[in-house]
Amino acid sequence: MDEKKNELFYQPKNGYDVIDTAERLALEEYCRGYMAWLDDSRTEREAVSEAVKLAEQAGFVPVESLTGPLQPGQKVYHSNRGKSLLLAVGGKKPMTAGCVVTAAHIDSPRLDLKQNPLFEDTELGYFRTHYYGGVKKYQWTAIPLQLRGTVALTDGSTVEVVIGRDPGDPQFVVTDLLPHLAADQMQKTLAKGVEGEKLCLLIGSVPYAGEGNDRVKLALMSILHDRYGITEEDFISAELEAVPAFEVRELGLDRSLIGAYGQDDRVCAYAELAAIMELEEPERTAVCILADKEEIGSVGVSGMRSQAFERFLERLMGDGAALQQCLSNSFCVSADVTVAFDPMYPEVSEKQNAARLNYGVGLCKFTGSRGKSGASDASAELVAYMRRICAEAGVLWQMCELGKVDQGGGGTVAGFMADRDIDTIDAGVPVLSMHAPFEVTAKLDCYMTYKCMKAAYQAR
Ligand code: MN
Ligand code: MN
């Protein structure tokens, strides 16, 4: 009977019961690289610049230097306004035969400073924020925050701001009520307990010497002016992000997990990047996308709905004539994180179809919510194709859905790739505490996602 079960049943296995010592060492090494990259990539702009550094070391050159169509083995990249990144390695086949595309995103939930953020109340200085992406607001109080981003000046120059990264740097916090006086707050729902307008960063307390109003604000503004040469009006053309200051750390006695801010979706972005950097001459041209703005609907010039993707492909092809043929023959892995089954919250998942930590990269035929609404829904044929690719490359994978029926759901860039007539499937790393300031992944799944990306790029 056991033999018959083995033959006929789908029985996912814990990855640690499958991999050998060599693979275990390989996954540890891979995760060290991922953790180092992630620690320096806390904004979409930083993720791009850190990725460009790695890509240039691996021989990628700006796409602008192409003088004709992309040649087999040639490696190029294009930074789209410093916020999203496109990379490609030329394949043996012409691009009209289609590309293999992987698309992850590098924006993560955070607290953006408002355009007029600075104020003083009761001799304490603050920055007002407007949160970005889906956050549980109460999670963003009483944790150390860094401030990172860019101030654009009217003379065309920019000022990079990073405060709170280096040891000894000051950091910031959004305060919360003490439990002793929180009786009213505790009666509210989690959604209402902390209001968006109360998510203000505490940034200082010492007044400027002299008499009058706004002395703390003046003292803080003069610190910023001394350090960055900016005035209050310059905030209007700034993108400053308050991001969690937590170090990227191994978690657990056995160090099998990774705790960090921004793993959705930089964990898949790094998997794609690591995979494409190792390609020499794939069958089909490989394209790696690190997109911006996924968390707010993939909108904007740096989001996945932007035609910047088509313009990049046209550059690779030398002309736009055969672009549609290329798109129609392409295949895309929408590489985004998925929900890991959480034994503390089993009620939101249906166990038989939930992703589990250490079971490998999670393939999702569909995402969406309430009757698959908003899902791209990969075809059965495409899912079969992925099963074959993974099996041939020794990728441990699991089929999963994003929460039980009618519990909620989510979306990815998959639909926007499919809009372009590209066959697209979702695949990515299962995550615990997704969108929290400190998210959890399993090393084995991070590594298997990288292997999956590489296998996809190299598929025939
Ligand atoms: Mn995501
Ligand atoms: Mn997300």
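None of the values given here were measured: they were computed from a predicted structure. In each ligand, atom 1 is the first atom listed, and ligand 1 is the first ligand listed.
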Has Asp336 got an N, O or S atom lying less than 2.8 Å from the Mn ion (ligand 1)?
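Asp336 does place an N, O or S atom closer than 2.8 Å to the Mn ion (ligand 1).
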
N, O or S atom within His105 nearest to the Mn ion (ligand 1), by name:
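It is NE2 of His105.
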
Short question: side chain of Asp107, backbone of Glu295 - any donor-acceptor pair under 3.5 Å?
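Indeed, once roles are kept as given, a pair shorter than 3.5 Å links the two residues.
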
Show the numbers, then the answer: is there a ring-ring contact (aromatic ring centres under 6.0 Å, His included) between Phe438 and Phe246?
CA-CA 7 Å; Phe438 198 67; Phe246 306 123; 5.4 Å; yes

Can we say Glu272 and Arg266 salt-bridge, meaning some charged N sits less than 4.0 Å from an Asp/Glu carboxylate O?
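Salt bridge absent between Glu272 and Arg266.
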
The test is side-chain hydrogen bond (donor to acceptor under 3.5 Å, both in side chains); show your working for Thr441 and Gln263 and say whether it passes.
CA-CA 8 Å; Thr441 58; Gln263 298 204 76; 2.9 Å; yes

How many degrees, to 10°, between Asp264 OD2 and Glu295 OE2 as seen from the Mn ion (ligand 2)?
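Vertex the Mn ion (ligand 2), arms to OD2 of Asp264 and OE2 of Glu295: 100°.
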
